[in-house]
Amino acid sequence: MLQKLIAGNWKMNGSLAANQALLTGILAGLAERAPACQVAVAVPAPYLAQVQQLVAGSAIALGAQDVSQHAQGAFTGEVSAGMLGDFGVRYVLVGHSERRQYHGETDAVVAAKAQAALAAGMTPIVCVGETLQEREAGATDAVVQRQLAVVIAAVGADVARLVVAYEPVWAIGTGKTASPEQAQAVHAALRTQLRAANAQCASVPLLYGGSMNAANAQQLLAQPDIDGGLIGGAALKPADFLQIIAAAA
Ligand code: PGA
């Protein structure tokens with residue numbers, strides 16, 4: 001069985017002092033009990049250099065929260081995959097629902113960002129998820145499969161190099177979690193879709209995200225098609241993040 005992946009998404013939180021305190025706490029916990037899963041933190045771009053130094057030589061991989069679809073040029077404010085590579089970034093979130101919702105990212109833009117990350121040798125964590133309205137309309141599978149299909153079509157054989165995160169929008173930052181059964185059902189459908197695209201995709205890790213915390217992680221991670229978690233709020237507290245990592249053993 002493949003090792004699970006627990007990735008923290010810090011979102012727009014942190015400061016030099018807070019990041020240092022958070023990572024010191026997490027690293028101390030991991031020194032006491034080595035993780036039996038992969039661990040990553042996706043940090044705000046200005047802190048990549050700081051966090052690269054703090055996690056050097058540890059079990060924590062460095063991640064970014066977004067990447068430009070363009071390689072370089074007149075795109076004020078954007079950060080390219082090559083720039084992320086300069087800081088040892090291994091994972092890049094693409095298509096997080098907050099990017100889709102507040103920054104107008106379309107499925108096509110998300111697919112182009114995944115391609116940019118892959119071209120630079122990084123692993124895109126492609127986020128998909130339905131709104132509450134879409135779930136209540138019975139459109140969950142249709143929405144997440146449409147979002148993933150555009151990425152699959154764009155990246156071709158590289159689809160086997162993706163990580164996919166299912167994050168129901170109604171569960172993000174709300175304290176409402178998909179039940180293990182609800183999450184498993186969507187993950188199983190995504191697995192089928194990936195396998196149909198390419199036989200090697202059976203091993204693409206499928207993460208669950210949306211109010212995963214120390215209390216519910218074990219049950220969610222016990223589902224057969226949940227290969228890890230993308231953690232927002234609980235990734236900002238060392239004890240909680242460590243408990244989720246322990247639950248992924
Ligand atoms: P949450 O965020 O754990 O705070 O719900 C998850 C995410 O948005 O990736």
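Whatever order the structure lists them in is the order used to number ligands and atoms, beginning at 1.
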Worksheet entry | Pairing residues for Trp10 by the side chain to side chain donor-acceptor pair (under 3.5 Å) criterion, not counting sequence neighbours |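 Residues passing side chain to side chain donor-acceptor pair (under 3.5 Å) with Trp10: none at all.
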Worksheet item: Considering residues at least two apart in sequence or located in another chain, which fulfil the side chain to side chain donor-acceptor pair (under 3.5 Å) criterion with Gln38?
Response: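 Side chain to side chain donor-acceptor pair (under 3.5 Å) check on Gln38 returns nothing, list empty.
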Worksheet item: Looking just at side-chain N and O atoms, do Glu167 and His96 make a donor-acceptor pair shorter than 3.5 Å?
Response: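 Yes.
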Worksheet item: Taking atom types as modelled, is there a side-chain donor on Asp107 or Gln147 under 3.5 Å from an acceptor on the other?
Response: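 No, Gln147 and Asp107 have no side-chain donor paired with an acceptor closer than 3.5 Å.
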Under 3.5 Å: N or O atoms of ligand 1 paired with protein N or O:
{"residue": "ligand 1", "atom": "2 (O)", "partner": "Lys11", "partner atom": "NZ", "Å": "3.3"}
{"residue": "ligand 1", "atom": "3 (O)", "partner": "Ser211", "partner atom": "N", "Å": "3.4"}
{"residue": "ligand 1", "atom": "3 (O)", "partner": "Gly232", "partner atom": "N", "Å": "2.8"}
{"residue": "ligand 1", "atom": "4 (O)", "partner": "Gly233", "partner atom": "N", "Å": "2.9"}
{"residue": "ligand 1", "atom": "5 (O)", "partner": "Gly173", "partner atom": "N", "Å": "2.7"}
{"residue": "ligand 1", "atom": "5 (O)", "partner": "Ser211", "partner atom": "N", "Å": "2.7"}
{"residue": "ligand 1", "atom": "8 (O)", "partner": "Lys11", "partner atom": "NZ", "Å": "2.7"}
{"residue": "ligand 1", "atom": "8 (O)", "partner": "His96", "partner atom": "NE2", "Å": "2.7"}
{"residue": "ligand 1", "atom": "9 (O)", "partner": "Asn9", "partner atom": "ND2", "Å": "3.4"}
{"residue": "ligand 1", "atom": "9 (O)", "partner": "His96", "partner atom": "NE2", "Å": "3.3"}
{"residue": "ligand 1", "atom": "9 (O)", "partner": "Glu167", "partner atom": "OE1", "Å": "3.3"}
{"residue": "ligand 1", "atom": "9 (O)", "partner": "Glu167", "partner atom": "OE2", "Å": "2.7"}

Discussion item. Could you check whether atom CZ of Arg146 has more than 12 heavy atoms from other residues, nucleotides or ligands sitting under 6.0 Å from it?
Written reply: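 Counting other residues, nucleotides and ligands, CZ of Arg146 exceeds 12 neighbours.
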Practice prompt. Each residue besides Leu207 in its hydrophobic cluster should be listed here, by chain and number; the cluster joins Ile, Leu, Val, Met, Phe, Trp and Tyr at side-chain heavy-atom distances under 4.5 Å.
Written response: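 Members other than Leu207 - counting any ILVMFWY side chain reachable under 4.5 Å - are Leu5, Tyr91, Leu93, Ile125, Val163, Leu230.
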